[in-house]
Visitor: 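Let me begin by handing over the structure; questions about it come next.
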Amino acid sequence: MFAEQLAGNLIQGLVLGSIYGMATMGLSMIFGVLQVVNVGHGAFIMIGAFTTMTVFTKLGLNPIFAIPFALVIGMALGFLFYYVVMQRLIKAPELASLLATFSIGIILEETVKLTFGSEFRGFNWETGKLDLGVTVLPYSKLIAAGGSALVALLLYLWYHKTRSGTAVRSVIEDSEGARVCGINVNWAYALSFALGIGLTVTSGVFLTMFIPVGINPYMGGGYTVKAFVIAVLGGLASPYGAFFGGLIFGLMENGSYTILATIKGVEPFALTRFFSFVTLLVILLIRPTGLFKSQ
Amino acid sequence: MAMLKVENLESGYGSMQVLWQPSLEVEKGSITSLLGPNGVGKSTLLLTVLGVVAPSGGKITYEDLDVTRMPSHDKVDLGLTLVPEGKHLFPSMTVHENLLMGAYRKEARRHREESLELVHALFPILKEREKQVAGSLSGGQQQMVTIARALMTKPKMIMMDEPSQGLAPKLVGEVFETIEKLKEEVGLTILLVEQNAAASLDAADYVYIMHEGRIKAEGKPEEIKGSSEIREAYLGV
Ligand SMILES: Nc1ncnc2c1ncn2[C@@H]1O[C@H](COP(=O)(O)OP(=O)(O)OP(=O)(O)O)[C@@H](O)[C@H]1O
Ligand SMILES: [Mg+2]
């Protein structure tokens with residue numbers, strides 16, 4: 001009975017973890033290339049959630065169609081914020097870029113609040129369910145998890161098989177070396193920032209497919225914090241490390257939930273968060289660069 | 001004919017000015033040497049010429065073209081590149097991948113195979129080690145990769161910033177032999193910054209002496225060698 005419950009929850013954890021991983025890749029990419037920590041990360045996930053809701057409720061389309069919208073909106077925002085703000089701050093002390101991304105997050109939240117209001121929203125996308133015996137998975141969640149894994153694979157291929165991906169990789173390894181090879185380093189920064197934001201907004205679509213409720217302008221904060229934990233698990237600067245970090249985090253969260261729920265008088269959900277952060281601190285202490293190899 | 005002409009260049013980092021209007025010319029097909037003690041701005045001059053550091057005044061002319069504010073990637077397209085001080089390789093890429101990065105630009109890519117042949121002829125060891133990760137090479141081999149990667153950009157002119165730094169004496173000799181080969185056999189123009197004043201004076205066709213961001217003396221190597229005043233004041237040899 002307990003074993004079945006644990007197995008079921010771990011499968012759920014793997015599915016959620018895939019989406020968590022996707023939701024962290026943009027953060028890791030931006031950190032890896034520009035050495036900028038995007039404190040406004042969660043606000044971009046929120047933009048993805050609102051994009052999905054609008055596509056579903058206003059346009060009446062399948063949430064899958066929100067993916068191209070989210071990617072385009074995200075990349076446009078990424079290029080805009082890069083050229084208007086970040087470009088000038090790359091050489092400035094770290095605090096400047098932290099405050100800048102923090103402000104960008106708040107500006108986005110308030111803009112969405114002015115447009116959509118601040119109540120919690122949700123929708124219901126009926127897709128049918130897959131019964132695995134130990135647990136039941138709606139196809140919407142499977143699509144979100146599969147889509148996330150596919151994006152991680154595509155990102156890996158982009159980095160290693162394309163010209164622009166290779167250029168970005170060289171900038172990560174040594175930006176002065178990249179310059180003397182004739183790589184336009186400023187363009188590599190702009191592209192990475194835009195792709196990082198594009199991935200993050202898109203991850204908001206997948207997260208909303210998984211949890212189609214609780215959509216509101218301030219929903220991003222919790223995701224920012226989780227993404228930091230996952231990024232550290234995955235090695236900070238490596239986007240596909242982040243994906244595996246997400247899988248581990250999803251398994252940990254759901255696994256510990258099942259175990260904690262067996263203890264009498266314990267509120268398991270609050271404790272899982274507690275354990276996540278204890279894990280984060282322990283990892284930071286023993287392996288400050290994360291569990292996976294980083295640059 | 002002057003391939004590169006630098007006039008009254010000014011640049012620095014933030015509010016700290018490093019270059020105080022040095023001027024110099026590099027003749028086509030020559031090895032021109034820039035000498036001077038530590039911290040006088042030699043690297044800053046090369047980085048400013050390539051466009052990695054932005055100039056705040058003066059003029060840079062390359063092949064009769066005003067390139068003062070041209071971004072570095074466009075200069076690489078015109079056949080100008082830099083072997084930076086301290087290597088700046090891509091440590092987790094293989095030797096081969098490092099070389100291919102040198103041929104990133106369109107024009108360089110078109111000549112990639114012949115550039116590879118040239119580089120492998122100059123440094124046979126790089127062919128043997130092509131699958132090895134660059135970060136695991138010895139210091140001397142890494143220096144070869146840096147020079148080779150610069151050659152892959154299909155340059156007409158290379159600026160070299162202390163290519164013999166940190167190498168064993170035997171390897172220093174090899175680096176200088178390579179530099180002379182690049183001039184004689186490949187027909188490159190070279191602007192060379194070196195700590196090793198003696199070897200540099202032997203290789204150079206013309207010499208500039210830099211001090212505190214300014215050019216303090218210039219002349220043919222024999223003239224510099226002949227002036228005990230210059231040698232004692234700036235070179236310590
Ligand atoms: N990235 C940088 N930021 C701030 N200051 C710098 C930077 N690079 C160099 N400097 C300063 O600029 C001055 C000139 O440095 P530069 O590296 O050009 O000298 P150099 O002649 O190449 O010296 P060396 O022979 O030691 O290589 C020095 O005072 C140095 O501390
Ligand atoms: Mg120097």
Side-chain angles (χ1 to χ4, degrees), chain A residues 28-29 31-33 35 82-83 87-97 156-192 234-241 289-290 292-295, chain B residues 13-14 43 46-47 49-54 70-94 97-109 112 115 133-135 142 145-155 158-161:
Chain A
S28 295
M29 182 170 189
F31 180 74
V33 183
Q35 309 283 301
Y82 179 77
Y83 283 113
Q87 179 174 230
R88 287 151 227 253
L89 299 180
I90 282 178
K91 287 189 186 135
E94 269 162 21
L95 186 61
S97 63
Y156 182 86
L157 293 175
W158 177 73
Y159 260 111
H160 290 273
K161 302 286 175 208
T162 69
R163 236 167 100 67
S164 51
T166 309
V168 167
R169 219 153 35 94
S170 76
V171 172
I172 296 174
E173 296 232 340
D174 195 311
S175 65
E176 193 169 319
R179 258 183 235 275
V180 302
C181 291
I183 282 153
N184 186 343
V185 172
N186 193 42
W187 166 247
Y189 284 156
L191 182 65
S192 309
L236 279 177
S238 152
Y240 11 96
T289 55
F292 297 95
K293 184 179 92 81
S294 76
Q295 46 170 331
Chain B
Y13 305 94
S43 298
L46 299 192
L47 290 169
V49 168
L50 192 66
V52 177
V53 174
M70 184 185 273
S72 52
H73 53 273
D74 288 332
K75 289 192 185 120
V76 173
D77 277 345
L78 294 179
L80 177 65
T81 192
L82 169 69
V83 174
E85 184 174 7
K87 304 186 183 88
H88 294 280
L89 287 176
F90 309 120
S92 71
M93 295 188 194
T94 65
E97 287 171 326
N98 267 275
L99 296 183
L100 294 189
M101 284 313 299
Y104 183 79
R105 304 294 296 182
K106 218 186 198 163
E107 193 49 31
R109 213 158 20 125
R112 202 165 83 176
S115 300
V133 168
Q142 290 193 9
V145 178
T146 319
I147 297 173
R149 185 183 65 183
L151 291 172
M152 293 297 295
T153 67
K154 192 76 184 148
I158 297 191
M159 302 185 280
M160 293 196 182
D161 199 347

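All chains are named by letter (A, B, ...) in the order of the sequence lines, taking the proteins before the strands, and each is independently numbered beginning at 1. The figures here come from the full heavy-atom set of this structure, side chains too, leaving out hydrogens, waters and symmetry mates. These figures come from a predicted structure and were not determined experimentally.
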Visitor: Is a donor on one side and an acceptor on the other found under 3.5 Å between the side chain of B:Thr153 and the backbone of B:Arg149?
Guide: no
Visitor: Test side-chain contact (heavy atoms from CB on, under 4.5 Å) on B:Lys106 and B:Asp77; report intermediate values, then the result.
Guide: CA-CA 8 Å; B:Lys106 218 186 198 163; B:Asp77 277 345; 6.0 Å; no
Visitor: Heavy-atom cut-off 4.5 Å, strictly under: side chain, backbone, both or neither for B:Leu89 against chain A?
Guide: backbone
Visitor: Please give me the minimum heavy-atom distance between A:Tyr83 and A:Ala190, naming the atom from each residue.
Guide: OH-CB, 3.4 Å
Visitor: OG of A:Ser170 to CZ of A:Arg179: how many Å apart, nearest 0.5 Å?
Guide: 11.0 Å
Visitor: Which atoms of B:Pro91 come close to chain A, meaning under 4.5 Å heavy atom to heavy atom: side chain ones, backbone ones, both, or neither?
Guide: both
Visitor: So which of B:Met93, B:His88, B:Lys75 has the biggest tally of heavy-atom pairs under 4.5 Å with chain A?
Guide: B:His88
Visitor: Please answer whether the main-chain N or O of B:Gly14 pairs with a side-chain N or O of A:Lys91 as donor and acceptor at a distance below 3.5 Å.
Guide: no
Visitor: Between B:Leu46 and B:Glu85, does the side-chain contact (heavy atoms from CB on, under 4.5 Å) criterion hold? Intermediate values first, please.
Guide: CA-CA 10 Å; B:Leu46 299 192; B:Glu85 184 174 7; over 6 Å; no
Visitor: So if I take each residue of residues 156-165 of chain A and look for any heavy atom under 4.5 Å from a heavy atom in chain B, which residues do I end up with?
Guide: A:Arg163, A:Ser164
Visitor: Examine distances only and state if a side-chain atom of B:Lys154 and a backbone atom of B:Glu107 form a donor-acceptor pair shorter than 3.5 Å.
Guide: no
Visitor: Would you give the length of the straight line joining atom CG of B:Leu100 to atom CZ of B:Arg112, rounded to the nearest 0.5 angstrom?
Guide: 5.0 Å
Visitor: Can you tell me how far the CG atom of B:Leu82 sits from the OG1 atom of B:Thr146, to the nearest 0.5 Å?
Guide: 10.5 Å
Visitor: Applying side-chain contact (heavy atoms from CB on, under 4.5 Å) to B:Asn98 and B:Met152, what does each step give before you reach the verdict?
Guide: CA-CA 10 Å; B:Asn98 267 275; B:Met152 293 297 295; over 6 Å; no
Visitor: Of all the residues in residues 180-189 of chain A, which have a heavy atom that comes within less than 4.5 Å of a heavy atom in chain B?
Guide: A:Val180, A:Cys181, A:Gly182, A:Ile183, A:Asn184
Visitor: Rounded to the nearest 0.5 Å, how far does CD of B:Glu97 lie from OG1 of A:Thr166?
Guide: 8.0 Å
Visitor: Of the backbone (N, CA, C, O) and the side chain (C-beta and beyond), which part of B:Leu47 lies under 4.5 Å from a heavy atom of chain A, both, or neither?
Guide: side chain
